[in-house]
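Read through the structure below, which is laid out as structure tokens, and then see the notes.
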Amino acid sequence: MTDTEPTTREFTELDQIVIRFAGDSGDGMQLTGDQLTRTTAIMGNDIATFPDFPAEIRAPAGTIPGVSAFQLRFSNFDIHTPGDDPDVLVAMNPAALKVHVGALKKNGVLIVNTASFKATDLKKAKYESNPLEDGSLDGYRLIEVDLTKLTRETLEDSPLDTRSKDRCKNMFALGILYWLFHRDMQPSIDAIRAKFAKKPDVVDANLKVLQAGYHFADISGIFQSSYKVAPASFMQPGTYRNLMGNQGLCLGLVAAAKQAGLQLMLGSYPITPASDILHQLSTYKHHGVVTFQAEDEIAAVCAAIGASYAGNLGITSTSGPGIALKSEAIGLAVMAELPLVVIDVQRAGPSTGMPTKTEQADLLQAMFGRNGECPLPIVCARTPGDAFEAGYEAVRIATKYMVPVMVLSDGYVANGSEPWRIPDEADLPKIEVEYAEERTDGGEFHPYLRDPETLARPWAVPGTEGLHHRIGGLEKADVTGHISYDPKNHEHMVRTRAEKVERIAADIPAADVLGETSGDVLLIGWGGTTGAITAATLRLQKAGHKVSAMCLRYLNPLPRNVETMLRSFKTVLVPELNCGQLAMLLRAKFLVDARPFTKVQGLPFSSQELEDGVMEALNRLNANGGEA
Amino acid sequence: MTDTEPTTREFTELDQIVIRFAGDSGDGMQLTGDQLTRTTAIMGNDIATFPDFPAEIRAPAGTIPGVSAFQLRFSNFDIHTPGDDPDVLVAMNPAALKVHVGALKKNGVLIVNTASFKATDLKKAKYESNPLEDGSLDGYRLIEVDLTKLTRETLEDSPLDTRSKDRCKNMFALGILYWLFHRDMQPSIDAIRAKFAKKPDVVDANLKVLQAGYHFADISGIFQSSYKVAPASFMQPGTYRNLMGNQGLCLGLVAAAKQAGLQLMLGSYPITPASDILHQLSTYKHHGVVTFQAEDEIAAVCAAIGASYAGNLGITSTSGPGIALKSEAIGLAVMAELPLVVIDVQRAGPSTGMPTKTEQADLLQAMFGRNGECPLPIVCARTPGDAFEAGYEAVRIATKYMVPVMVLSDGYVANGSEPWRIPDEADLPKIEVEYAEERTDGGEFHPYLRDPETLARPWAVPGTEGLHHRIGGLEKADVTGHISYDPKNHEHMVRTRAEKVERIAADIPAADVLGETSGDVLLIGWGGTTGAITAATLRLQKAGHKVSAMCLRYLNPLPRNVETMLRSFKTVLVPELNCGQLAMLLRAKFLVDARPFTKVQGLPFSSQELEDGVMEALNRLNANGGEA
Amino acid sequence: MSTAESPLTKKDFKSDQDVRWCPGCGDYGILNAVQTAFANLGKNRHDTVIISGIGCSSRFPYYMETFGFHTIHGRAPSVATGVKLANPELDVWVISGDGDSLSIGGNHLIHTLRRNVGLKILLFNNRIYGLTKGQYSPTSEKGKRTKSTPLGSIDQPFSPISLALGAGATWVGRSVDIFAQHLVSMIEAMDAHQGTALLEIYQNCNIFNDGAFQGFTEKSVRDERTVEMRAGEPLLFGPDGAKKAVRFDAGMAPQVVTVGEGGVAEADLPKWDPSAGSPAAAMSLATAPEDALPVPIGVFRDVQRPKYEDETIAQMQQAKAGKQESLEALLTGSETWTVG
Amino acid sequence: MSTAESPLTKKDFKSDQDVRWCPGCGDYGILNAVQTAFANLGKNRHDTVIISGIGCSSRFPYYMETFGFHTIHGRAPSVATGVKLANPELDVWVISGDGDSLSIGGNHLIHTLRRNVGLKILLFNNRIYGLTKGQYSPTSEKGKRTKSTPLGSIDQPFSPISLALGAGATWVGRSVDIFAQHLVSMIEAMDAHQGTALLEIYQNCNIFNDGAFQGFTEKSVRDERTVEMRAGEPLLFGPDGAKKAVRFDAGMAPQVVTVGEGGVAEADLPKWDPSAGSPAAAMSLATAPEDALPVPIGVFRDVQRPKYEDETIAQMQQAKAGKQESLEALLTGSETWTVG
Ligand SMILES: Cc1ncc(C[n+]2csc(CCOP(=O)(O)OP(=O)(O)O)c2C)c(N)n1
Ligand SMILES: Cc1ncc(C[n+]2csc(CCOP(=O)(O)OP(=O)(O)O)c2C)c(N)n1
Ligand code: SF4
Ligand code: SF4
Ligand SMILES: [Mg+2]
Ligand SMILES: [Mg+2]
């Protein structure tokens, strides 16, 4: 605890709080949110975050398109989403206010920086009148603070120039919140010290302003009460850290590679929201990770294929447009039967779409976006922490079955964060990789002689004596691997490649079921909607409805319990951030009337939207006398 | 008639004949087949051909992988496939014999070139003993001719070198067949004269050998009888030509562009089996066709998009691997809502696969192989002649709805041929294209203001005063076309782009139904399997079975009568040269148990295979007391 | 190309869209220069088409009151080639970044250059990926630490100029975002060229690669550290009066000499010839080490070759002149038969 | 690289697969030269990896008794780069055609060259697309009539050498399929190079582009029409005794002179220096018109730069030396808290 902890303070005890910061791209909202998140995580609350980036290009300061936001929800119980509507909104300028005030809960706390409510500011946000004065904010607990002025005053003696000083104003707001929610400032203080280690003036300024904000809140009496949220008690014992999705994926990949004894080689080309995977893995060189920023996505995946061919674990990461470009080469990996992990951090499409927004519309591309019959296993990341396991599993499957594996993540999972119980190294599943052994008998080596159980071919790495052989993208005879145009062999190989993928179904767990295994409504989803589906289902169950949920991590092949579950509910709803892609697969495969429940807005579901959807389905059921 | 017509000749009258030529890639089998086809077409028979190319690289002479074959079926009645098993097989060497003799009908005529049955030749074909001597050909009417020797003798006085002389031996075989089947030699004589116009020695040699073959057959008495097939009588009155699939597609595109008053611009990159589209269109410069051989598939489709943007009809042609590469750019065309025709002449995949073999495994790639929700209309070519209409329709839809249209053809349709009734220009459907008009009022132009009926946006061509505007791959606000990250707008635009494609269903004909509109078994197929499905269905109907067929030209959206038909049969079988792609779409959309009936061998269905499949289904039905 | 009623001013080329680059970004200066040059050149709005790929720079078309197409990453030259082939009359400009045109789009760029399509390409070289927030690019210097190279880049950068020369470019130039007048003059010069003209523009990304070019573009060092190539003139440079010059040694490498020293007379200096028979001298300048020699700006190469679109059209005209064929005749082909 | 017990012979590098090129194809000679050179160089089979794209030439790996990967069209350099990054010890050769590496694969080629990955690239240039049966390629001469250019090509061809120089290649050479000895010597020379070595091999496609190089490779004209570049020697050529030479004029363009005529003494001729500071002279030769000057064969350029894979590994080693971290520590990160 720091010296800023006041001796006494009125407080209200709460179960949870949802805070949203909104400001200009340049206002440091993501950074501020990140600080509060770390602190809160370390204090033992359950957390969930949702950073909402503006378009990837800078908008003019103060305008609507330039608004950047960050939402944090923390609690003393198990939460699954960053919450729908915030209790507290910090609006750094009129544009931020305009975009976000609609979401603020009735009677919620609204902190605004009055310094940026001048006429020109209002005009940039296209406000006709000043909302601070026209009564339009009457339903909220409005706290007006001139952050800019207070910050400048605090930094009167600082050697920084005015622009740099003004940049510290987000720290003032943070200080206020730290007081308001009884947060420990030490982690942030440490973080700021580390971050600006080479610029002591900046460190000083930030810390001064942070503490000034804290004292201001303490002394000014602008708040009637402060709030406390006790640490979460439900959490499994263990050591926790805060984890973002892209980070989780990277750790999963590295952990799996280490367990398998493989060098990891990433071939990648930057693209939002996948770039952080490249960034992160490039800081792991000391773990024997090789990263290669290629000239384009095609070179990136091809280099990864080359690395896998040479005995590394080849990985390639991108977003939807990059997958489109890589699809021909992925076909080569399917044909060559090489292990490969292909990561698609989905964003809103089609085409360039809305690069900073989330979506789940690449599932069918992942399934079918290649020429010919070209099946591959698909896993997805459901939450930031689950991304670790998705990455880990992808490596396990790719190396065991000698097959490229697609990992679907999305912008929401990738940039969101949650507390993650650090696994014990010993608890990580074993991954046993064996290269084909050298042979000196001079006999012909058979690169397509398969393991009878997995149908995997041997991983015959160049440099191994006696294993020289030729492979490629032409159809090849089974066993020998020679080029073959034989009709029956082609049919055999096409079916064998499909069968190899199908057999993985026996090697993955049944999908987790939330609730009873039969009932009125089954919600079946995948990937980033898991949090919202879980939250909605729990609430509906509490309200006594016969609703269960199943959130898939394995999309191809599907877990073995999917079919029974689909047939055990009167209505099956498939919530997806697309036009109904998983629903289509389920309908085709099982001839079950799985109904798409979709949203395509570049935004995650709120759990309320899902609850409403289920209630509608229940009402329909009731109206029909219990029949779907 | 030429002077070679003998005065009297024994003959047998037949309804149809199936002839297969097989030889080394260098033996000119495709050329020989082509000559016989043209002649036969001109003589008024119905015809269907199936060229079966070897792997696209030259195999060593005389080996199995180097065998090239060509099948021609001609008849006096309406035929739909090149036939399953040939009546006559011409085998130029042991390898050709080995590969094809199995298909020859019992008691069929087998003509072999004895010159190439030396010990070394047999070894290359991996024959243990000489089939001409070991009795293994006893079930056939074996005709042994030393084509090489006879050809050399014929050309004793020719100034050509021996290699060039030997190349003429296929003409000797052709001459024999011309006698055997009472074909007129004049068209071939003319064709040879035209083809080698600049090499009079070659013309002389070829014609001499052709006639020598004819006389040899006439005089040698190697045949007990000759055969006559009367001209087809069922054919609709009109002027006919022989048409190959790639050619038909090109003519359809050019005809449509001319009807629409548009310049056609093809951006393409060579790839088997689509290259001939590039070749053919590049000979149409005098029709105002621009062809651009780009550095790769991506540049090819992008140039076509640029051309469409500038007011041309942009077209791009490729095969499956090229579609994979183009998928990102096709997404741009969907987003920019520009007309474009994308042609996929499918070949056996995945990856490089078997480039010279046919397959239908790109349907799902065409539907879903792009990032995000990115729907587009799909039409397919069912027969060589139908390719004309597929091309024509693609242009009509693309320009009317401002949307990229995918045309699926395949190697079988592309290289096959059939008689085609030349349409009257006046009978071609009108295609009315209007560019947005110039405006001088200085007002803002709205590039996404839609036609209320088609939902098409205006085609606003650069160079038109007052229409300057900006478009691109980012999500855009409806009407204005400005960049928009608004969640509701995104949902609206995603749904609108889908709706635009859906509305086309009202603008295409109901699918043709072959047979009754209800019954026991419905065969529903698409593209190149149409011939085999039609033939099998007609035979089954003749045999009294309640079988109907529906062969789709429009795959997205589906014609309006598909659903009713699916629901009106006890069993629905979906024959496809893939693992069940159309079946998947039908199942998902209609929740009907449409059963895949698939073959993935790089070969078309024989109608017998389909008949067998249907009979099995019918037997199952009967066993179940008439219930599916 | 039809002409507008009254000549347009620079302002007439500004669109109503808010310009969304970071304050201080070099892109503003380039936008300004283009608008100025377009007004100077008497262009109109409806015949002008600006085509870009993806990147900060590639947002350019939105800010120009002309036709604009913001395409996909790296493919602008291909789309633009299609536009030119469809309508050679249009005045087509391509806007691209160092990542867009040299990384993912490198192939399209070099093929466009060899074909000599009548496109004007502005390559905004900030030696960084701006839009994706700061990874190194194919022009980033070795050792550069970026988000994707935390231990420093190990890639040898391209010289866009040398690459273009190697591809057979007919017009290649270089300018700098803050050399406003020079930049406008280069844009005007490339406009006059028949065929592909590639202008590399050093552009400061003050967020992710601030000061990348400051070592030779800052006022105080500019005269000492840059040399302007002017056709027919020796390669003189140096702050007022200090008559330094670049010439070539026996190995064809550039070297700096001082006029009047060591027997170097101005008259003996080679005159710069961007239209020389061989691109060797341009290549020599393009590959000179940036830190050891003054950085050349101006026109490296300017030679004549037929434009691709002209040859396309000429071939079509010739074909049309050689063969008139009705649609009916085309559909009919050469061998037919009649039934009924 | 481990060494084989006994040195392998040329025959040991022949695989048991039937060679499937057209009889008379230039590819046979190249296959032969590679097998000869590999035996001469004492290579073994299991450390040797041959990676190709798609084309007639790209079937090459099947005929070599080594590791081989026949990848997809244009991408062989990228796959090969991955192999090298995964295991720098492997001896990696890339086989490609003019279409494969200059058309669809142009970008990967130039990026590989600039990075200087330790790959040996054999570019079979037959100035045509062989496998797809005869369309023009990026090296086909203007005016060429092919299946896709029935009225003649209008594209200016690339010089692969000049393109490579523009991309910053460290070793660039040229040989001819039928110059057996020269070809073997070039393959041996490039093997010794540290970094990317690109050898352009003129290869006759006797089916679709027969005689493409006959104008300067046929025995009768060979001496008159080619000039061999030898390091440290003047560029002499000409049939026995006719001492002609290539030197450079004031504009750096190559010109032909006769030694002893017009005051040209052999001693005054410039000595060829493939390792010169500037690539300008190599560029000058690479862009000289083929019909007006003798065609240069041999090594255009040979300079030293660190290999990409070495730098990658060095960086990794340095990182490892600088920071040891257990997997547990990595997973744990810097900020944790404990529950329970
Ligand atoms: C296919 C594809 N890959 C990657 C991206 C992500 N991306 C957008 S712009 C860019 C590079 C930008 O760098 P540059 O071209 O130098 O432009 P700048 O932003 O620096 O102006 C990248 C990698 C994309 N949009 N599309
Ligand atoms: C993605 C893709 N596009 C096109 C092709 C078709 N294709 C195969 S090889 C080739 C060009 C061959 O020319 P080149 O590289 O010069 O090799 P060559 O056959 O002349 O040796 C083409 C266009 C393909 N296989 N894959
Ligand atoms: S990131 Fe750099 S290049 Fe992009 S707008 Fe900002 S300053 Fe300009
Ligand atoms: S087509 Fe040409 S390059 Fe290909 S194998 Fe035949 S001769 Fe050689
Ligand atoms: Mg850049
Ligand atoms: Mg070639």
Side-chain angles (χ1 to χ4, degrees), chain A residues 54-55 65 298 319-321 323-325 327-328 331-332 334-336 346 348-357 359 361-362 364-365 367-374 472-475 483 485 487-488 490-491 494-495 497-498 578-579 584-585 587-589 591-593 599-603, chain B residues 54-55 65 298 319-321 323-325 327-328 331-332 334-336 346 348-357 359 361-362 364-365 367-374 472-475 483 485 487-488 490-491 494-495 497-498 578-579 584-585 587-589 591-593 599-603:
Chain A
I298 301 176
S319 185
I323 295 290
L325 288 168
S327 51
E328 189 206 8
L332 175 66
V334 167
M335 202 66 153
Q346 300 162 97
S351 192
T352 312
M354 307 194 299
T356 56
K357 303 296 172 188
E359 206 157 282
D362 292 350
L364 294 177
Q365 177 179 230
M367 284 289 290
F368 303 120
R370 290 167 295 282
N371 59 297
E373 291 290 349
C374 198
L474 286 166
E475 186 59 283
I483 299 174
Y485 272 66
K488 298 281 179 202
H490 179 50
E491 178 113 37
V494 166
R495 308 275 182 207
R497 286 185 290 261
N578 58 42
C579 292
M584 201 205 74
L585 296 176
R587 292 167 66 87
K589 188 160 176 127
L591 288 183
V592 160
D593 187 12
K599 172 175 177 179
V600 201
Q601 303 184 0
L603 291 173
Chain B
I298 301 176
S319 185
I323 294 291
L325 289 168
S327 51
E328 189 206 8
L332 175 66
V334 168
M335 202 68 153
Q346 300 163 97
S351 193
T352 312
M354 307 194 299
T356 56
K357 304 294 173 188
E359 206 157 281
D362 292 350
L364 293 178
Q365 177 179 231
M367 283 291 290
F368 303 121
R370 291 166 295 281
N371 59 297
E373 291 289 351
C374 199
L474 286 166
E475 186 59 282
I483 299 175
Y485 273 66
K488 298 282 180 203
H490 178 49
E491 178 113 38
V494 166
R495 309 272 182 209
R497 286 185 290 261
N578 58 40
C579 291
M584 201 205 74
L585 296 177
R587 292 167 65 88
K589 187 157 177 130
L591 287 183
V592 159
D593 187 11
K599 172 176 178 178
V600 200
Q601 303 184 1
L603 291 173

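Chain letters run A, B, ... following the sequence lines, proteins first, then strands; residues in each count from 1. Just so it is clear, the structure is predicted and the values come from calculations on it, not from any experiment.
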Out of the candidates B/M584, B/M367, B/Q365, only one should pair with A/F368 under the side chain to side chain contact (heavy atoms under 4.5 Å, CB included) rule; please name it.
B/M584
For B/I298, which atoms come within 4.5 Å of any heavy atom of chain A: side chain, backbone, both, or neither?
side chain
Which of the residues B/S327, B/G602, B/C579 is involved in the greatest number of heavy-atom pairs with chain A at under 4.5 angstrom?
B/C579
If you count heavy-atom pairs under 4.5 Å between each of A/A324, A/G369, A/A336, A/P65 and chain B, which one has the most?
A/A324
So for B/K599, is it side chain, backbone, both, or neither that comes closer than 4.5 Å to the heavy atoms of chain A?
both
Most contact-rich option vs chain A, by heavy-atom pairs under 4.5 angstrom, among B/V334, B/I483, B/L585, B/L332, is B/L332
Go through the atoms of A/L325 and report whether side chain, backbone, both or neither lie under 4.5 Å from a heavy atom of chain B.
both
Per-residue contact mode, B/E328 against chain A (heavy atom under 4.5 angstrom)
both
Counting heavy-atom pairs under 4.5 Å with chain A, which one of B/L591, B/N371, B/L603 comes out on top?
B/N371
Between A/G349, A/G331, A/G353, the one whose heavy-atom pairs under 4.5 Å with chain B are most numerous:
A/G353
With a 4.5 angstrom heavy-atom cut-off, is it the side chain or the backbone of B/M335 that approaches chain A, or both, or neither?
side chain
Give me the one residue out of A/E373, A/E475, A/E491 that meets salt bridge (Lys or Arg N to Asp or Glu O under 4.0 Å) with A/R497.
A/E475
Grab the two heavy atoms, one from A/V592 and one from A/R587, that are nearest each other, plus how far apart they are.
O-CG, 3.4 Å
Tell me, out of A/K488, A/E359, A/K357, A/R495, who's got the most heavy-atom pairs with chain B below 4.5 Å.
A/R495
How far apart are the closest heavy atoms of A/Q346 and A/D362, and which atoms are they?
OE1-N, 3.1 Å
With chain A as the partner, which of B/G472, B/S351, B/A361, B/S319 has the greatest number of non-hydrogen pairs under 4.5 Å?
B/S351
For residues B/P355 and A/L474, determine if any side-chain heavy atom of one lies less than 4.5 Å from a side-chain heavy atom of the other.
yes
Between A/A348, A/P350, A/G372, A/G320, the one whose heavy-atom pairs under 4.5 Å with chain B are most numerous:
A/P350
